Amino acid sequence: MTELKVLITREQITKRVAELGAEITRDFAGQQVVLLGVLKGAAIFLADLARQLDLDATFDFIGVSSYGNRPSPSQELKSGWDSTGEVRLTKDVDQTMKDKNVIVVEDILDTGLTLTYLKKLLVARQPRTLKIAALLDKPSRRKMPLEGDYVGFKIPDEFVVGYGLDYAERYRNLADICVVPRV
Ligand code: 5GP
């Protein structure tokens with residue numbers, strides 16, 4: 001593995017997460033929200049965002065994985081990867097979403113396939129509102145017409161790790177968001 005390059009510093013993340021927290025607090029003032037984290041990448045973002053909310057909030061988690069042709073991590077780095085679009089649920093929520101204000105908390109919005117799948121699944125459960133908070137967004141990679149409601153940073157088409165994001169399960173604990181150079 002070659003050297004990682006810092007793309008977004010921990011200070012920039014802290015500042016932006018506080019701004020997102022303030023925005024969500026304003027939008028849902030006086031209401032209850034469910035923060036629904038997408039495992040595992042969103043765990044750190046959810047933990048930090050939650051503490052910036054001045055709201056009555058509960059947590060839940062959902063797990064997804066993509067079927068099909070996800071290559072090995074090194075191949076993924078070289079050429080990116082194209083999911084078949086088939087997303088599979090690996091862990092469902094623990095509580096009902098009906099009539100709740102649900103904020104899906106995701107690490108990164110890339111092709112949009114995962115969140116399109118999740119949105120469809122969750123809408124069927126009739127939440128009162130359904131919003132998407134994504135720390136990162138790679139708009140140039142999008143395959144589905146989907147936007148986040150609360151987006152931390154728009155980034156170029158690079159493979160990033162840190163602050164919850166992994167490369168073969170490593171680097172999730174880095175405090176900064178770093179680019180893994182393509183070899
Ligand atoms: P999408 O379905 O939008 O293409 O993919 C979203 C998922 O792909 C993210 O939740 C994340 O797991 C993975 N992903 C996309 N881009 C990156 C990246 O740059 N770094 C890492 N570590 N994961 C990524």
Side-chain angles (χ1 to χ4, degrees), residues 1-10 12-13 16-17 20 35-49 60-93 102-123 130-183:
M1 167 71 66
T2 41
E3 248 174 70
L4 302 176
K5 197 175 116 255
V6 175
L7 179 69
I8 305 171
T9 65
R10 62 198 76 187
Q12 288 173 300
I13 298 170
R16 189 68 188 121
V17 172
L20 293 177
L35 298 179
L36 179 54
V38 185
L39 295 169
K40 306 173 194 167
I44 294 179
F45 176 41
L46 185 143
D48 284 349
L49 183 65
D60 210 327
F61 292 93
I62 199 161
V64 287
S65 87
S66 296
Y67 278 120
N69 56 355
R70 187 164 191 164
S72 66
S74 58
Q75 190 62 32
E76 187 171 346
L77 260 185
K78 267 187 211 136
S79 50
W81 66 287
D82 289 311
S83 155
T84 53
E86 289 179 67
V87 181
R88 175 172 66 101
L89 204 63
T90 56
K91 188 221 166 284
D92 206 342
V93 297
V102 179
I103 303 174
V104 179
V105 181
E106 174 66 305
D107 52 5
I108 184 164
L109 184 49
D110 187 31
T111 62
L113 290 164
T114 306
L115 280 171
T116 299
Y117 168 85
L118 280 180
K119 217 173 156 177
K120 195 170 162 206
L121 183 123
L122 293 167
V123 162
L130 182 64
K131 300 286 182 190
I132 293 172
L135 180 70
L136 303 174
D137 182 8
K138 286 192 220 173
S140 65
R141 291 258 308 157
R142 198 77 88 255
K143 287 185 175 166
M144 305 299 274
L146 185 89
E147 295 304 322
D149 299 288
Y150 306 99
V151 172
F153 303 91
K154 290 201 194 275
I155 63 167
D157 182 12
E158 300 277 7
F159 192 83
V160 291
V161 294
Y163 199 72
L165 289 145
D166 76 311
Y167 174 72
E169 292 300 327
R170 294 176 63 201
Y171 305 116
R172 292 194 196 274
N173 60 320
L174 297 180
D176 306 307
I177 292 170
C178 301
V179 170
V180 184
R182 292 203 161 102
V183 281

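Treat the numbers as computed from the prediction; the structure is a model and nothing was measured. Counting starts at 1 for both ligands and their atoms, following the listed order. By convention here, the first residue in the shown sequence is residue 1.
In summary, the atoms of ligand 1 found under 4.0 Å from a heavy atom of Gly112, numbered by their order in the structure, are 1 (P), 3 (O), 4 (O). Numbered from 1 in the order shown, with element, the atoms of ligand 1 that lie under 4.0 Å from a heavy atom of Glu106 read 10 (O). Every atom of ligand 1 is numbered from 1 in the order shown, and the set under 4.0 Å from a heavy atom of Leu165 is 21 (C), 22 (N), 23 (N). Against a heavy-atom cut-off of under 4.0 Å, Thr114 is close to the following atoms of ligand 1: 1 (P), 2 (O), 5 (O), 6 (C). Under a 4.0 Å criterion applied to the non-hydrogen atoms of Glu158, ligand 1 contributes the atoms 19 (O).
Within the 3.5 Å criterion, the main-chain N or O of Phe61 finds a donor-acceptor partner in the side chain of Lys91.
Ligand 1 has at least one atom lying under 4.0 Å from a heavy atom of Lys138. Contact between Phe159 and ligand 1 is present, with at least one heavy atom of the residue lying under 4.0 Å from the ligand.
Remark: of the listed residues Asp157, Asp110, Asp137, Asp137 is the sole one forming a salt bridge (charged side-chain N to carboxylate O under 4.0 Å, His left out) with Arg142.
Scanning for salt bridge (charged side-chain N to carboxylate O under 4.0 Å, His left out) contacts around Asp60 gives an empty result, with sequence neighbours left out. Not a single side chain to side chain donor-acceptor pair (under 3.5 Å) links Glu147 to another residue, sequence neighbours left out.
The CG atom of Leu146 sits 15.0 Å away from atom OH of Tyr117, with the distance rounded to the nearest 0.5 Å.
Between Val161 and ligand 1, no pair of N/O atoms sits closer than 3.5 Å. Annotation: Val160 places an N or O atom under 3.5 Å from an N or O atom of ligand 1; distance criterion only.
Neither the backbone nor the side chain of Val87 has a heavy atom within less than 4.0 Å of ligand 1.
When the heavy-atom distances from atom 14 (N) of ligand 1 to Val38, Leu113, Ile108, Leu39 are ranked, the shortest goes to Ile108.
Between Ser65 and Arg88, the side chains place a donor N or O and an acceptor N or O closer than 3.5 Å (distance only, hydrogens not considered).
Ring orientation note: the planes of Tyr167 and Phe159 are nearly perpendicular, at an angle over 60° on the 30°/60° scale.
Shown here for Lys131 and Asp149, the closest heavy-atom pair between the two residues is CA-OD2, 3.3 Å.
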